Amino acid sequence: MEAFTHLFVFYTFLFSLLRTSISLDTVTPSQSLGDRGTLVSAGRQFQLGFFSPGNSKSRYVGIWYMISPETVVWVANRDAPLSDHSGVLKVTDDGVLVLLNSTNGTVWSSNTSTTPQNPVAKLLDTGNLVVKDGNDDNPDKFLWQSFDYPCNTLLPEMKLGWNLVTGLDRFLSSWKSTEDPAQGEFSTRIVPHGYPQWFDMEGTKIKARAGSWNGLGFTGRAVRPNTVFEYEFVLNEKEVYYGYKLLNKSVFSRVVLNPSGIVQRFVWMDRTQSWEPFFTSHANQCEIYALCGAYATCNINKSPVCACMEGFLPKSPEHWDSVDWSDGCVRRTPLECNGGDGFLKRTGVKLPDTFYSWYNKSMNLQECEGMCLKNCSCTAYASLDVRGGGSGCLLWFGSLIDTREFAEGGQDLYIRMAISELGHLDKNSHSSERKLVGIIVGSTLLVVGMIIVGMVSYIWKKKLRNQAMIKGSERKDCDNEGVKEDMELAILFDLTVIVNATDNFSNNKKLGEGGFGPVYKGTLPEGKDIAVKRLSKNSGQGLNELKNEVILIAKLQHRNLVKLLGCCIQENENMLIYEYMPNKSLDCFIFDQTKSKLLDWHKRINIIRGVAKGLLYLHEDSRLRIIHRDLKASNILLDNNMNPKISDFGVARSFGGDQIDSATNRIIGTYGYMSPEYAMHGQYSVKSDVFSFGVLILEIVSGKKNRGFCHPDNQLNLLGHAWKLWIEDKPIKLVDELVGDLCNISDVVRHIHVGLLCVQQRPEDRPNMSFVVQMLNSENLLSKPKQPGFFTDPQEADFSFSKFGTCSTNEITTTVFEGR
Ligand SMILES: *[C@@H]1O[C@H](CO)[C@@H](O)[C@H](O)[C@H]1NC(C)=O
Ligand SMILES: *[C@@H]1O[C@H](CO)[C@@H](O)[C@H](O)[C@H]1NC(C)=O
Ligand SMILES: *[C@@H]1O[C@H](CO)[C@@H](O)[C@H](O)[C@H]1NC(C)=O
Ligand SMILES: *[C@@H]1O[C@H](CO)[C@@H](O)[C@H](O)[C@H]1NC(C)=O
Ligand SMILES: *[C@@H]1O[C@H](CO)[C@@H](O)[C@H](O)[C@H]1NC(C)=O
Ligand SMILES: *[C@@H]1O[C@H](CO)[C@@H](O)[C@H](O)[C@H]1NC(C)=O
């Protein structure tokens, strides 16, 4: 219900004036419609009149639903508002609709080319405002109609697309904001070049591509079978358009392009008297146009989402590995063209961009293949219409871009390849013998691989053990709790070695107090510095957490993760031994008046990116796939060169490949960094780490702690404050004065932007880490963030989110409690 209301905020306007309705059913030159007048359609479905959206004082002439007057579907003078209530709508003797202001100046007008004898303006039951000749009996003959000039709404019976004869292009364009219907930057339209396609645009830039029509729907937008409406796509010499019709006239449905560029379809629910969302565009990363570049496919269920098509390799492997896929992929083997090529069949895909394509509705698939083979620049072919086993022919020329792989749905695409490539790629079409051979070869390789890995790790472990062997000390085994095999990778240190290294845990050697006990600096006999985390006996981190940490971290290797050297479990002591980080943790710098000056903007960016890469490795690239669950400034350690390393894996969890969401009764973490769904319901996922990472970005940029920060003027915490500055369009004010010179303001704003995207209330709205890394490294436009999820401490606000990010002032670092 809550989410539902949110979606509607955009579409809900309060009318500033109570209208005493003077309703007409037609307007003729002898009548006119003043500010309080309305025009109602015969079936009382739509109404036309003057309105002011939201708190705006401007007056507009618009059309809305009788059942839902706040839902305005069309605005006449969207770019030319009236400043007062003196407007008058008239039809001239020439059949032109005019909107006049107090001095009889024309604010807006329609136009017609022919002069009628008896002009009448009428609002039809479809929501179409038309001007016709009252003497003409043809009900479909209009001199002018509002359906030819859509605003942000596509109603049933309306056409989205082109009249190819007159060159009229009907497309939706967003409102500037919920209170300003002027033409915004977003549009959604049919582009008739090549085989026509439906694009979502931002200015002249393509944001997303619904794609080409395949007989059932658009190739990139699954069509949900339904009993409410039927879709239609018309393509001939005269017209190309998309439209839909209601199967039951008493049901309402509309498609809207909202001010953030999102296309949504709503259906009216009689029961709840509200609009229910039925479809929403841009729901995931793969919707971003050409995200993966040429000859690559996007699959939302894979990680990373982009992969080269079979037979293709990344064009620039370095960029590709750092999740910048825009360069795309290139052929492993060049095409031969004259008889040397064949086709690889891919199933379940979104067809590539058809901007450079050719089609013929009556050819069959064999003819299509022949046609493609004949022309050297043809790169792929497919059926034009998938109904009834497929018909027609669609050919591509040039690179194949913006394809996706769907788990279900999608269609067949035949990609041109050199025959030599097909030899070892074509799994679909040929014998099981080849498959068998493949399996045998594959498994032999696997076994050999495993043997090699086994040998290497044996040698490596042996080497490590030798290094750790301290003269005269006797090694004890970690395996007293039956965890031997789990801990095999970590080295076991002897207690006496640790005692000596830390001067018997002397106070001068103490580096700090972590959540689960003190941390000491130590020096091994050979001179190597170490950090020793001594788990206090009454700490929450018992043997379980220690085991957990050892097992997880020993298997991880990444330059942005702190390295675990070993453990020591002896005489009631449980200790973890790490590499020593001379610069301690991030919180010592960013929250300290003097030391924060040492972190200029460049260093801060380096830290943000390093942490992002470390987290990406944990979530997606490591063998185990790990959720950290306690990411915070004090868990980010800094090496000599201020490179960040994530530490403290005591409460981290490994999750299986397909398991993305878990719940726990034991909620462990740190207030200020915990996502709302985790703090409230114990639900954690990679997206709870993303939330903590977002908080961390905002802390690094602002030099303020989320928890503990309280803005003196507005009592907002850091997230609330950042959000306030963001909507007031002055995010730069968030930046710590101690950062020094900001060479690139837009870069700073970008980091704040990404931070806010990460702390959005709903986990599904937050980006995943690969997307975060990509956003931090590119200059692509980012989506608009929604309001952050605010969590206030239970002691203060009994789990209330409604206080809009007000502050908490008492300072606690780590808290453990049993939830539910
Ligand atoms: C506007 O036009 C109306 C009707 O033609 C006329 O009565 C009125 O005086 C005009 N107002 C002004 C300010 O010109
Ligand atoms: C009325 O519209 C005309 C033409 O657009 C404009 O010149 C004039 O200033 C407007 N008058 C008022 C009162 O807005
Ligand atoms: C009126 O028609 C002409 C040409 O048919 C067109 O260029 C112009 O934009 C139209 N004006 C309006 C307000 O629709
Ligand atoms: C149309 O919808 C109305 C309201 O939902 C329903 O009562 C009616 O039975 C439907 N008619 C048909 C033909 O499905
Ligand atoms: C389409 O294909 C049919 C059958 O092969 C052929 O007769 C027709 O001329 C083609 N049309 C065009 C425009 O190439
Ligand atoms: C191949 O197709 C392209 C694009 O339609 C066309 O320009 C070119 O003339 C064709 N070449 C041949 C040999 O048919």
Side-chain angles (χ1 to χ4, degrees), residues 22 24 27-37 50 59 61 77 80 82-110 119 121 164-165 191-197 212-215 233-240 294-295 331 334-343 351-401 413-418:
I22 309 154
L24 300 172
V27 180
T28 61
S30 59
Q31 303 158 313
S32 58
L33 208 62
D35 190 86
R36 297 196 157 185
F50 291 76
R59 300 295 284 167
V61 169
N77 55 326
L82 288 160
S83 52
D84 55 24
H85 290 261
S86 63
V88 174
L89 185 69
K90 298 181 76 155
V91 188
T92 67
D93 290 325
D94 297 335
V96 175
L97 272 172
V98 289
L99 179 60
L100 304 177
N101 64 14
S102 56
T103 53
N104 286 352
T106 302
V107 171
W108 171 88
S109 74
S110 70
L164 297 169
V165 180
V191 174
H193 198 276
Y195 187 52
Q197 304 180 83
S212 49
W213 186 259
N214 63 18
F233 184 78
V234 171
L235 172 60
N236 55 40
E237 306 84 65
K238 288 186 184 150
E239 304 189 276
V240 44
Y295 299 112
R331 285 180 196 282
L335 293 177
E336 292 182 18
C337 201
N338 293 319
D341 301 333
F343 293 91
L351 296 183
D353 192 342
T354 54
F355 198 81
Y356 298 106
S357 67
W358 177 93
Y359 66 95
N360 180 323
K361 286 184 182 174
S362 50
M363 276 161 76
N364 64 29
L365 208 56
Q366 280 80 38
E367 290 170 322
C368 196
E369 171 170 2
M371 187 86 178
C372 189
L373 268 185
K374 257 190 269 169
N375 187 325
C376 282
S377 43
C378 176
T379 46
Y381 71 91
S383 286
L384 201 57
D385 193 324
V386 296
R387 289 173 298 184
S391 65
C393 171
L394 183 51
L395 300 182
W396 280 264
F397 299 99
S399 308
L400 304 177
I401 48 178
L413 174 68
Y414 299 83
I415 302 163
R416 187 183 199 132
M417 297 271 185

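We number each residue from 1, following the sequence as shown. Model, not experiment: these values are computed from the prediction. For ligands, and for the atoms within them, numbers begin at 1 and follow the listed sequence.
Between Trp358 and ligand 5, not a single N/O pair is under 3.5 Å apart.
Relative ring orientation between Tyr414 and Tyr381 is described as parallel, the plane-to-plane angle staying below 30° on a 0-90° scale split at 30° and 60°.
In this structure, SG in Cys337 is found 8.0 Å from CG in Asn375, a value given to the nearest 0.5 Å. Here CG of Leu351 is found 10.0 Å from OG of Ser357. Values are rounded to the nearest 0.5 Å.
Nearest protein heavy-atom neighbour of atom 6 (C) of ligand 6: Asn375 ND2, 4.1 Å. Ranking protein heavy atoms by distance to atom 13 (C) of ligand 5, first place goes to Asn360 ND2, 4.5 Å. For atom 14 (O) of ligand 1, the nearest protein heavy atom (residue, atom name, distance) is Asn104 ND2, 3.3 Å.
Only side-chain heavy atoms of Ser377 come within less than 4.0 Å of ligand 6; its backbone N, CA, C and O stay farther off.
Close approach to Ser102 involves these atoms of ligand 1, each under 4.0 Å from a residue heavy atom: 13 (C). Against a heavy-atom cut-off of under 4.0 Å, Met363 is close to the following atoms of ligand 5: 2 (O), 5 (O). Per-residue contacts place Ser362 under 4.0 angstrom from the following atoms of ligand 5 (heavy atoms of the residue considered): 1 (C), 2 (O), 3 (C), 4 (C).
Ring centers of Tyr356 and Phe397: at least 6.0 Å apart, outside the cut-off.
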Worksheet item: Are Leu99 and Leu82 close enough, and set up right, to give a side-chain contact (heavy atoms from CB on, under 4.5 Å), and what steps lead you there?
Response: CA-CA 9 Å; Leu99 179 60; Leu82 288 160; 4.1 Å; yes

Fill in: side-chain hydrogen bond (donor to acceptor under 3.5 Å, both in side chains) assessment of Ser86 paired with Asp84
CA-CA 6 Å; Ser86 63; Asp84 55 24; 2.6 Å; yes

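For atom 2 (O) of ligand 1, the protein comes within 4.0 Å by at least one heavy atom. Distance check for atom 9 (O) of ligand 1: every protein heavy atom is found at 4.0 Å or beyond.
Among Leu235, Leu384, Thr354, Asp353, the one residue that satisfies the side chain to side chain contact (heavy atoms under 4.5 Å, CB included) test with Ser212 is Thr354.
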